[in-house]
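Numbering of residues begins at 1 and proceeds along the displayed sequence. None of these values were measured; they are calculated from a predicted model. Atoms within each ligand, like the ligands themselves, are counted from 1 in listed order.
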Amino acid sequence: MGNGASVVEKTARLSIAVIGAGYWGPNLARNFRTGPAWHLAAICDLDIDRARRVADSVGGVPVTDDLHDVLSDPLIDAVAIATPARTHHAIVMAALEAGKHVIVEKPLADSGVAGREMVERAGEMGLVLMADHTYCYTPAVLKIRELIADGFLGDILFVDSVRINLGLIQPDVDVFWDLAPHDLSIMDFVLPGGLRTTSVAAHGADPLRTGKACIGYLAMPLAGGAVAHVHANWLSPTKIRQMVIGGTKRTLVWDDLNPQQRLSVYDRGVDIEQVSKGSAADARAAHISYRLGDTWSPALPEGEALAGVAAEFAAAIREGRSARTGGEAGLRVLAVLEAANRSLERGGAPEPLEPLEPLAVELVSGGVVR
Ligand SMILES: NC(=O)c1ccc[n+]([C@@H]2O[C@H](COP(=O)([O-])OP(=O)(O)OC[C@H]3O[C@@H](n4cnc5c(N)ncnc54)[C@H](O)[C@@H]3O)[C@@H](O)[C@H]2O)c1
């Protein structure tokens, strides 16, 4: 494991340990257990009983409550980290120092500085650092990306994302840092050129006095006068997972809780025609018209997103390349969240978002894997 890079035969399964066996870790364990590219070598949790329960649920895997056991094992190529956000930086840095490829849960880290250090270290070590932006591997989001890339929606006018339910109030992060990474990573993945916004205006509320925002709204201008909006909420008795993406040609509605019709495409919208030469009022009336066409629902293949996550992580390691949702994608999400923090401190005023400075090192040097 010279210079931190695992050396793995192309045909051999990669060996991975899951760190963190709470709410989300079992899903990672199940998918790395069944993923054809992977051998699930261990489960690690400070709470050894949790680790045991998860290990039993996937048919028996060695367990430990000591991260060092995993990191010092030369047979383990990679780790999947599903611990709370505040712990990501320390565990990821230790794993990279030990020469392990890393997939880490969203949010990548609890600050932009911490995230950047992780991404730079992975680059220096020639290791893959991937963010588990799970939704980017769902059939629905893959289809949305394809429809937008093919110009099917036309130019994007607005994106409106609602992610509300009775959520688990997190000990370390507010609702923006807990839920909005999903919406932001999806927007970053499906919008041409990524989520390029120049500012973020955030409004948060904590009506139950938990000490952090439990209800949050983000507004972000997009190119050409378009706008993106996120509503994240832990206090809603009804669960809504919906994104509406309006374009000049068509509008798409993604209702993730409607398996019969997750995606609907509306051939309806407002058309603006050439300005005519009458009075201002006549001109306005003349050049706005409404299109009332069909609605249809694209067929989506079945498939668990985390199986795609596991496959992409393995492919990135084997091919010595950055993962599709690599550390940089995680950093773009963190940049928006940090701007949201600053906006909250300033009573919701739009907070400028500087473009991320280029990283000092290449993300993954070729030839990591033979
Ligand atoms: N991708 C998704 O859709 C998704 C969904 C839910 C949660 N998450 C993310 O997963 C992460 C974990 O969330 P959760 O809800 O499962 O948290 P959780 O509190 O239920 O579980 C975290 C586990 O990590 C263990 N742990 C903490 N520090 C550790 C350490 N140093 N070494 C080993 N184990 C340690 C804890 O004992 C606990 O069992 C968070 O980053 C969260 O945002 C992602």
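With hydrogens left out, the protein atom closest to atom 19 (O) of ligand 1 is Pro84 CG, 4.3 Å, a heavy atom. Shortest contact from atom 28 (N) of ligand 1 to any protein heavy atom: Leu46 CD1, 3.5 Å. In terms of protein heavy-atom proximity, atom 36 (C) of ligand 1 is nearest to Asp45 OD1, 3.4 Å.
Contact annotation: for Asp65 versus ligand 1, there are no heavy atoms closer than 4.0 Å. Heavy atoms of Ile19 found under 4.0 angstrom from ligand 1 belong exclusively to the side chain. At a 4.0 Å heavy-atom cut-off, ligand 1 touches Thr83 through backbone and side chain alike. Within the 4.0 Å heavy-atom criterion, both parts of Lys106, backbone and side chain, lie near ligand 1.
Taking each of Pro181, Ala82, Ala21, Ala90 in turn, the one with a heavy atom nearest to atom 22 (C) of ligand 1 proves to be Ala82.
Ring-centre distance between Tyr217 and His203: not below the 6.0 Å cut-off. Between Trp296 and Tyr266, the distance separating the two ring centers is not shorter than 6.0 angstrom.
Every atom of ligand 1 with a heavy atom of Thr134 under 4.0 Å away is listed here by number and element: 1 (N), 2 (C), 3 (O).
Figure legend: Arg342 and Phe176 shown without cation-pi pairing, the cationic atom not lying both under 6.0 angstrom from the six-membered ring centre and within 45 degrees of its axis.
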